[in-house]
Asks: 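Can you keep this structure in mind? I'll have questions shortly.
Order of the sequence lines fixes the chain letters, A, B, ..., with proteins taken first and strands second; residue numbering starts at 1 for each chain.
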Amino acid sequence: MIMNEVSDALHRIRHSLAHVLAQAVQRYRPGTKLGFGPAIADGFYYDFLLPEPITDEDLPKVQKIMVEIIKAKQEFSTEELSIPDAVKRIEDMGEPYKAEYAQELATKQGLETLSFYSNGDFVDMCEGPHVENTRDIPRNAFKLHNIAGAYWRGDEKNQMLTRIYGWAFEDKGQLHTYVKARTDAVKRDHRKLGNELDIYVIDENVGPGLPLWLPNGTVIIDQLQKLAEQFEFSDNYERVRTPVLTKGSLYEASGHLELYKDAMFPAMKLGDESENGDEYYLRPMCCPHHHIVFSSRPRSYRELPLRLAEYGHTFRNERSGSLHGLTRVRAMCMNDAHIYCTKEQVRDEFVRVLSLHKRYYDLLGLDDYFFRLSMWDPEDPKGKEKYVDDPAAWEYSTEVVREAMKESNLPYREVVGEAAFYGPKIDTQFMTVGLKEFTVSTTQLDFAVPQRFVDHGIDCTYVDNNGEKQVPYVIHRAPLSTHERFASFLIERFGGAMPTWLAPTQVRLLPVGADFEAYADKVCAELRKHFIRAEVDHSSDSLGKKIRSGTVSKTPNLLVLGANEVEDESVTVRRYGIKEQRTYPVAEFAQRLLTEIKTRKHVKEWDDADSIME
RNA sequence: GCCGAUAUAGCUCAGCUGGUAGAGCAACGCAUUCGUAAUGCGUAGGUCAGCGGUUCAAGUCCGCUUAUCGGCUCCA
């Protein structure tokens, strides 16, 4: 499902389309200035400074001009100009952003020439490559689909430009397939399903980004939490519980007030304001608390690795424009844990954490992921501000994480310059149903914060076998991310039809008529004795309506109960998504269902159903 | 936070160029007691997001605020 590297031909087509787009927009809105216009994962975009705004209604018109340009069979030609000539050329073109970038290429990157591509009356400073002629661009395999704002060079201090996005593929069929996938994704959007299936609400009386889990959603997160407790128990984690509110001084020690304050809710003043009033904060992360638990008494090297786990509530004052359903919220509950270990243990612990990730994904039937290893950039001129200043520790930790990654034999890619302040990190990347790359969880190695605690007089150390105090390495890990983020991901993956073990209602019993309600109640009570989440449809609807309602609710098992079933103490089962039904004795049905729930298998149809039918 | 768009009943949406709101589903009631994806009839439900302006008159036009959506930035 993860997109493969695109072919060179498609890349050329997309990049050339960006030029044709710019050409068309300059024709449509004379005076338009150009920003950047690259090929991207599903097409291309171009950033413009427009003399007057453009709207969605203009897109088909621009697209039409693009088709005309393509039909005109314009030759792409290229030329290399020396820096002075290039600068003069750009001045003639009257392009301020291009001029700025040309300056940078010449001064900072030390280029001696710059290349220009032209087709028809259009010229752009660009390193290529392009198609040979606009006729090489399939004119029915691209579509302008979106207008958005984007800062020049991605920096919010700069001018906001107008970005026009297009999808582009090698033929009409591929475009059609892609557009269909995007359209289908809308139906599986967790915000839509979350509303339809009564999973959560975000209410203006509570506040933006503060979701309320309804009973159905609560079942899902309770089950995820149970799963995590079992897996973590078997990996020798210990559970702790820590408060959501904390004195500011702790966040001075951890460095959050210095580096992370923008994402924290403002301080609360507690106590007498005139004297000794301490400032308190809602916590943005659990780690400082776990560090305090670790520091609460002297620790021996024999206790390490010490793994402290908590499903912890945290609060982040996310910017209003970034809030998004359950995937970007301001109050969340994380599958958090911190592993305290010696320098020598880091590698094995990392391997163990990666394998824990794999156990979750295998269980859930998820296999289309890769890990993104984010590393520091020793060459970064701003490195001193971006990364903790300890090159030796960076080198060691980067190498040890890379080794763990290799040993785990899991797919991964390295990204230089994306590390966190405190150490390298590993993100787990999936594709969403909308075919966008999506980070589910982050694992981070931290060799700096415990030392900061020590520097602030908090004894975050252990005693080694020489009786010397040592500062531990810490691994921050949250394979199931936050309830909010993980549930939203699963809802979209399963299209709201959760595997039985996660389903809010596991069984809905549908009496064929009023005479059979007593039997339905009896069977329901029997199932509930086994903690199966069963309920009876007591409405006066027709059977057809009950089946429809049950199906729409995506309940994995619907039981039809009438005279036949009363007769031989059985149930007739409709599994979600399967038209044909099976009849089982009540006890056998319960047993099969319990096995399915206990093993957390995601099966649509029970294997040996045929033989049971006889 | 920034750029752009949107905001009508619990949900999905109508409401033409300004003349004081409408449907389907859901809910509720009555009748129906039904064998495999919608039984029929009825009832109730809206300060048209909020505030201000233009106008004889605003759901409709304008401004501000809030929220949401698509991006940017940020990030779990």
Asks: Assign A:V440 to base, sugar-phosphate, or nothing according to its heavy-atom contacts below 4.0 angstrom with the strands shown.
Replies: sugar-phosphate

Asks: Quickly work out the A:K545 NZ to B:G40 C1' distance and round it to whole Å.
Replies: 12 Å

Asks: Roughly how many Å apart are B:G40 and B:U32, using the P atom of each and rounding to a whole number?
Replies: 16 Å

Asks: Is it true that A:K33 and A:E100 make a salt bridge, defined as a side-chain N closer than 4.0 Å to a carboxylate O?
Replies: no

Asks: Under a 4.0 Å threshold between the charged nitrogen and the carboxylate oxygen, would A:K226 count as salt-bridged to A:D222?
Replies: no

Asks: Taking the side chain of A:E565 as heavy atoms from C-beta outward, which of B:G70, B:G35, B:G1 is closest to it?
Replies: B:G35

Asks: Which part of the nucleic acid, if any, lies within reach of A:G562 when heavy atoms closer than 4.0 Å are counted: base, sugar-phosphate only, or nothing?
Replies: base

Asks: Over how many whole Å does the gap from A:L323 atom CG to B:G71 atom P extend?
Replies: 15 Å

Asks: Would you kindly compare A:R485 and A:A150 by the position of their nearest RNA chain B nucleotide and give the one closer to the 5′ end?
Replies: A:A150

Asks: Name the orientation class of the two ring planes belonging to A:H290 and A:H338 (parallel below 30°, tilted from 30 to 60°, perpendicular beyond 60°).
Replies: perpendicular

Asks: Which is true for A:Y165 with a 4.0 Å heavy-atom rule: it touches a base, it touches only sugar-phosphate, or it touches nothing?
Replies: sugar-phosphate

Asks: Between B:G70 and B:C56, how far apart are the two P atoms, rounded to whole Å?
Replies: 42 Å

Asks: Record whether the side chain of A:R548 comes under 3.5 Å of the base of B:A38 through a donor-acceptor pair of N or O atoms.
Replies: yes

Asks: For A:M334, answer base if it contacts any base atom (sugar-phosphate contacts may also be present), sugar-phosphate if it contacts only those atoms, and nothing otherwise; contact means non-hydrogen atoms under 4.0 Å.
Replies: nothing

Asks: Have a look at A:A514 and say if it touches a base, only the backbone sugar-phosphate, or nothing, with a 4.0 Å heavy-atom cut-off.
Replies: base

Asks: How long is the line joining OH of A:Y151 and P of B:C3, in whole Å?
Replies: 7 Å

Asks: Identify whether any heavy atom of A:R319 sits under 4.0 Å from a base atom; if not, whether one sits that close to sugar-phosphate; answer base, sugar-phosphate or nothing.
Replies: base

Asks: Which of the following nucleotides, B:G35, B:A76, B:G71, is nearest to the side chain of A:S481?
Replies: B:A76

Asks: If I take atom CD in residue A:E418 and atom C1' in nucleotide B:U73, what distance separates them, rounded to the nearest angstrom?
Replies: 13 Å

Asks: Under 4.0 angstrom, heavy atoms only, what part of the nucleic acid is A:S540 near: base, sugar-phosphate, or nothing?
Replies: base

Asks: Between A:T162 and B:C3, is there a contact of a side-chain N or O with OP1 or OP2 at under 4.0 Å?
Replies: no

Asks: Rounding to the closest angstrom, what is the interatomic distance between B:C11 and B:G46 at atom P?
Replies: 14 Å

Asks: Touch check for A:K157, heavy atoms < 4.0 angstrom, all strands: base, sugar-phosphate only, or nothing?
Replies: nothing

Asks: Over all strands shown, is A:A263 touching base, sugar-phosphate only, or nothing at heavy-atom distances under 4.0 angstrom?
Replies: nothing

Asks: Round to the nearest Å and state the distance from A:D203 atom CG to B:C11 atom P.
Replies: 11 Å

Asks: Just how far, in rounded Å, is P of B:A38 from CG of A:D541?
Replies: 12 Å

Asks: Provide, to the nearest angstrom, the distance between the CZ atom belonging to A:R153 and the C1' atom belonging to B:C2.
Replies: 19 Å

Asks: Please tell me which of A:S322 and A:R191 maps to the more 5' nucleotide of RNA chain B, matching each residue to the nucleotide holding its nearest heavy atom.
Replies: A:S322

Asks: Taking the C1' atom in each of B:A38 and B:G24, what is the distance between them to the nearest angstrom?
Replies: 12 Å

Asks: Is A:G544 touching bases, backbone alone, or none of the nucleic acid, heavy atoms closer than 4.0 Å?
Replies: sugar-phosphate

Asks: Just the dot-bracket of RNA chain B, please: which string comes out with Watson-Crick or G-U pairs under 3.5 Å, [ ] for crossing, | for another strand?
Replies: (((((((..((((.....[..)))).(((((.......))))).....(((((..]....))))))))))))....

Asks: Honestly, is A:R14 close enough over A:F169, meaning NZ or CZ under 6.0 Å from the six-membered ring centre and within 45° of the axis?
Replies: yes

Asks: Which whole-number value in Å describes the distance from A:E204 CD to B:U66 C1'?
Replies: 8 Å

Asks: Is it the case that A:R316 places NZ or CZ above or below the six-membered ring of A:Y260, under 6.0 angstrom from the centre and within 45 degrees of the axis?
Replies: no

Asks: Salt bridge check: are A:K545 and A:D537 linked by an N-O gap of less than 4.0 Å?
Replies: no

Asks: Taking only the C1' atom of each, what is the distance from B:A23 to B:G50 in whole angstrom?
Replies: 27 Å

Asks: Which part of the nucleic acid, if any, lies within reach of A:E196 when heavy atoms closer than 4.0 Å are counted: base, sugar-phosphate only, or nothing?
Replies: nothing

Asks: Would you mind telling me which of B:U68, B:G71, B:G70 lies closest to the side-chain atoms of A:N146?
Replies: B:G70

Asks: Would you call the rings of A:F48 and A:Y46 parallel, tilted or perpendicular, where under 30° means parallel and over 60° means perpendicular?
Replies: parallel

Asks: Mark yes or no for a side-chain to base donor-acceptor pair under 3.5 Å between A:Q581 and B:G35, with no hydrogen or angle criteria applied.
Replies: no

Asks: Expressed in whole Å, how much space separates the C1' atoms belonging to B:U43 and B:U47?
Replies: 23 Å

Asks: Counting only side-chain heavy atoms from C-beta out, which of B:U73, B:A76, B:G35 sits nearest to A:E156?
Replies: B:U73

Asks: Within the 3.5 Å criterion, strictly below it, is a donor on A:T572 or A:T583 matched to an acceptor on the partner's side chain?
Replies: yes

Asks: What contact category does A:T482 fall into here, base, sugar-phosphate, or nothing, at under 4.0 angstrom with non-hydrogen atoms?
Replies: base

Asks: Return no unless some side-chain N or O of A:H483 is found under 4.0 Å from OP1 or OP2 of B:A76.
Replies: no

Asks: Quantified in whole Å, what is the C1' atom distance between nucleotide B:G18 and nucleotide B:C72?
Replies: 38 Å

Asks: What does A:N195 touch in the nucleic acid at a heavy-atom separation under 4.0 angstrom: a base, only the sugar-phosphate, or nothing?
Replies: sugar-phosphate

Asks: Nearest to the A:V552 side chain among B:A37, B:U68, B:G71, which nucleotide is it?
Replies: B:A37

Asks: Does this structure show an ion pair linking A:D380 with A:K386, if we count only N-O contacts that are shorter than 4.0 Å?
Replies: yes

Asks: Are a donor atom and an acceptor atom from the side chains of A:R575 and A:N557 found within less than 3.5 Å of each other?
Replies: yes

Asks: What nucleic acid atoms does A:T551 come within less than 4.0 Å of, heavy atoms only: base, sugar-phosphate, or nothing?
Replies: base

Asks: Any idea how A:W152 and A:F36 line up, ring-wise: parallel (<30°), tilted (30 to 60°), or perpendicular (>60°)?
Replies: tilted

Asks: Choose from B:A37, B:C2, B:G35 the nucleotide whose nearest atom is closest to any side-chain atom of A:L543.
Replies: B:G35

Asks: Quantified in whole Å, what is the C1' atom distance between nucleotide B:G1 and nucleotide B:C74?
Replies: 10 Å

